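First the structure, in the form of structure tokens, and then the observations on it.
Remember, predicted model here, so these are calculated numbers, not experimental data.
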Amino acid sequence: MTSQLNQPINIQPCRHVSFINKLTADQLWKGVLAEGSGAMRGARGKRTKKRTKRDLNIGQIIGEGRDAYVWPGLNAPVMTAGVIHRIQKKDNDPEREQKLIEERDAWYKMKSKRLKRQRGWTGGTLGGTSLGSPDPIGNRKFEDFEARVLEVRNVFNMTANMGRKRSVRALVVVGNRKGAAGFAVGKAQDARTALKKAKNKAVNVLYYIERYNHHTIYHDIDVTFQNTRIKMRKQNRGYGLQCHRILQTCGRLIGLEDLYARVHGSKNPLGIVHCFFKGLTKEQETHQQLADRKGLHVVEFRQECAMRPIVVASPSDGRVREEPEPEDDIPDIKLDVKDVKKKEGLYKSPWEGIYRKEYRF
């Protein structure tokens, strides 16, 4: 006993803790995906493919490990037909690791497979495609609403630390085809998240737009927003939507069926949508609103009624103003050269007589 205690003891330093079992899974993935500030500064301004996390447990059974052990009560039943199972090792399969990798790759390939989407204005862009109904808010659902994409574009922001940061901006319009519609802009790192944010944001900012006989506007509108000007003309049934494709998409979601509109100036999609909604909500007034404001009867002349006057609205209080219309209240309408030539019969459109098939959804 004494001889054993007097023997020299050699102590060798051994490290049982490494960065693999000390750091969490999120910290390890952060190092693999190069999400740190140093890596992002080194790759700033470069459009590298974004790396994503992968679930390494796909296809594996808990408790087996590389040696493929069977643990009763964990990955196998404790008893079968009155026989109690014991801890044992499965038969050695040299292709087990390769099968797990193939199963994992097949699952991610199936997940990343793009679904066939409905065609929009063109085949290569997202403009005009449908996003379905917005997500419900609490117990309120929006099954009667539909969302459409108007624009998806990349935007960049120059920062001091990360350099030029790329993000996606999406412009989406929603409507129920019954007069309620709205639009919003969403920004995110990828297009899918930006579209989802814009769709759900647009539902919270809805406008109710009055429609004449549920198919067109009440009167002609000339509206300007910043550098964009839109001239809208009231049309009869069956005319269709002869206007910019953005206005066609917005008009159908609002519930307009017959309208002529022409865009002048800037063709920025966001400016066009702002100008269109401004004209329909602020510049348009119903026949009843016009009668109450003027204190007169609103009379309409229609060709199908032999141009006879038809009273469509009267003042709500029943009192009609007897004084004539003041000269200052007569609107000063600015006529375009093309409109004057059309009235005189001197203007001929190059597209006159050419059949144009209108795209409807």
Side-chain angles (χ1 to χ4, degrees), residues 142 144-146 173-183 202-225 228-244 246-264 272-335 339:
F142 303 94
D144 54 340
F145 281 82
E146 183 184 3
V173 60
V174 299
N176 63 349
R177 302 177 188 266
K178 298 179 182 179
F183 66 96
V203 177
N204 298 324
V205 190
L206 292 177
Y207 302 89
Y208 182 75
I209 298 169
E210 299 286 351
R211 297 169 296 156
Y212 177 72
N213 290 340
H214 304 286
H215 76 99
T216 187
I217 56 179
Y218 275 87
H219 54 84
D220 297 347
I221 302 173
D222 194 344
V223 60
T224 303
F225 178 79
T228 303
R229 179 189 176 191
I230 300 178
K231 296 194 306 180
M232 291 177 274
R233 299 293 178 259
K234 175 183 176 181
Q235 299 296 338
N236 297 326
R237 284 193 180 273
Y239 182 83
L241 295 174
Q242 304 292 337
C243 50
H244 196 279
I246 292 179
L247 302 184
Q248 287 184 6
T249 304
C250 296
R252 292 194 182 99
L253 293 180
I254 291 171
L256 298 175
E257 300 176 2
D258 307 292
L259 178 69
Y260 170 80
R262 186 177 180 87
V263 181
H264 299 273
I272 292 176
V273 176
H274 268 290
C275 188
F276 186 59
F277 275 85
K278 176 185 176 182
L280 295 178
T281 55
K282 296 183 179 180
E283 303 293 335
Q284 180 183 210
E285 59 181 357
T286 63
H287 294 159
Q288 187 61 45
Q289 293 173 349
L290 179 61
D292 294 339
R293 182 170 63 86
K294 293 290 186 179
L296 300 171
H297 296 290
V298 178
V299 181
E300 187 177 36
F301 298 88
R302 303 182 66 88
Q303 293 182 356
E304 57 268 23
C305 299
M307 299 303 290
R308 296 177 180 175
I310 301 174
V311 178
V312 294
S314 300
S316 302
D317 53 4
R319 294 182 295 179
V320 181
R321 179 165 55 88
E322 297 181 357
E323 295 81 7
E325 185 77 10
E327 187 176 354
D328 296 337
D329 291 348
I330 298 177
D332 184 13
I333 301 175
K334 296 181 180 180
L335 298 178
D339 295 340

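Ile209 has its side chain within reach of Thr281: a pair of non-hydrogen atoms, C-beta onward, lies under 4.5 Å apart. Counting heavy atoms from C-beta outward, Gln288 and Ser314 have side chains that stay 4.5 Å or more apart. By the 4.5 Å heavy-atom criterion applied to side chains, Ile217 and Leu280 are counted as neighbours. Residues Lys234 and Asp220 meet the side-chain proximity criterion, which asks for heavy atoms closer than 4.5 Å. Considering only heavy atoms from C-beta on, Val173 stays 4.5 Å or farther from Phe276 through its side chain. Using a 4.5 Å heavy-atom threshold, the side chains of Tyr260 and Cys243 count as separate. Within the 4.5 Å cutoff, the side chain of His287 has no heavy atoms near those of the Leu290 side chain.
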Assess the residue pair Leu206 and Tyr208 against the criterion (side-chain contact (heavy atoms from CB on, under 4.5 Å)); give the C-alpha distance rounded to whole Å, side-chain angles, the decisive distance to 0.1 Å, and a yes or no.
CA-CA 7 Å; Leu206 292 177; Tyr208 182 75; over 6 Å; no
Evaluate the side-chain contact (heavy atoms from CB on, under 4.5 Å) criterion for residues Ile221 and Ile230: first the C-alpha distance (whole Å), next the side-chain angles of each, then the deciding distance (0.1 Å), finally the verdict.
CA-CA 8 Å; Ile221 302 173; Ile230 300 178; over 6 Å; no
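Partner of Asp258 under the side chain to side chain donor-acceptor pair (under 3.5 Å) criterion, out of Arg237, Arg233, His215, Gln242: His215 alone. The one candidate from Val263, Val273, Val223 that meets the side chain to side chain contact (heavy atoms under 4.5 Å, CB included) condition with Thr228 is Val263.
Once rounded to the nearest 0.5 Å, the distance linking CD of Glu300 with OH of Tyr218 reads 10.5 Å. Taking CE of Met232 as the reference point, atom CD of Glu283 lies at 8.5 Å (rounded to 0.5 Å). Interatomic distance, Glu146 CD to Asn176 CG, rounded to the nearest 0.5 Å: 10.5 Å. Taken to the nearest 0.5 Å, the CG atom of Leu256 stands 12.0 Å off from the NE2 atom of His214. To the nearest 0.5 angstrom, His244 atom NE2 is 4.0 Å from Ile272 atom CD1.
Ring geometry for Phe225 versus His274: interplanar angle under 30°, hence parallel rather than tilted (30 to 60°). Aromatic ring pairs are classed by plane angle as parallel below 30°, tilted from 30° to 60° and perpendicular above 60°; the pair Phe145 and Phe142 is perpendicular.
Residues passing the salt bridge (charged side-chain N to carboxylate O under 4.0 Å, His left out) test with Lys231 are Asp336, Asp339, sequence neighbours excluded. By the side chain to side chain donor-acceptor pair (under 3.5 Å) test, Lys178 pairs with no residue at all, sequence neighbours left out.
Checking Ser316 against Asp292 by side-chain atom types alone, a donor-acceptor pair falls below 3.5 Å.
Using a cut-off of 4.0 Å between Lys/Arg side-chain N and Asp/Glu carboxylate O, Arg211 and Glu257 are scored as not salt-bridged.
Residue-environment remark: CZ (Arg293) exceeds the threshold of 12 foreign heavy atoms within 6.0 Å.
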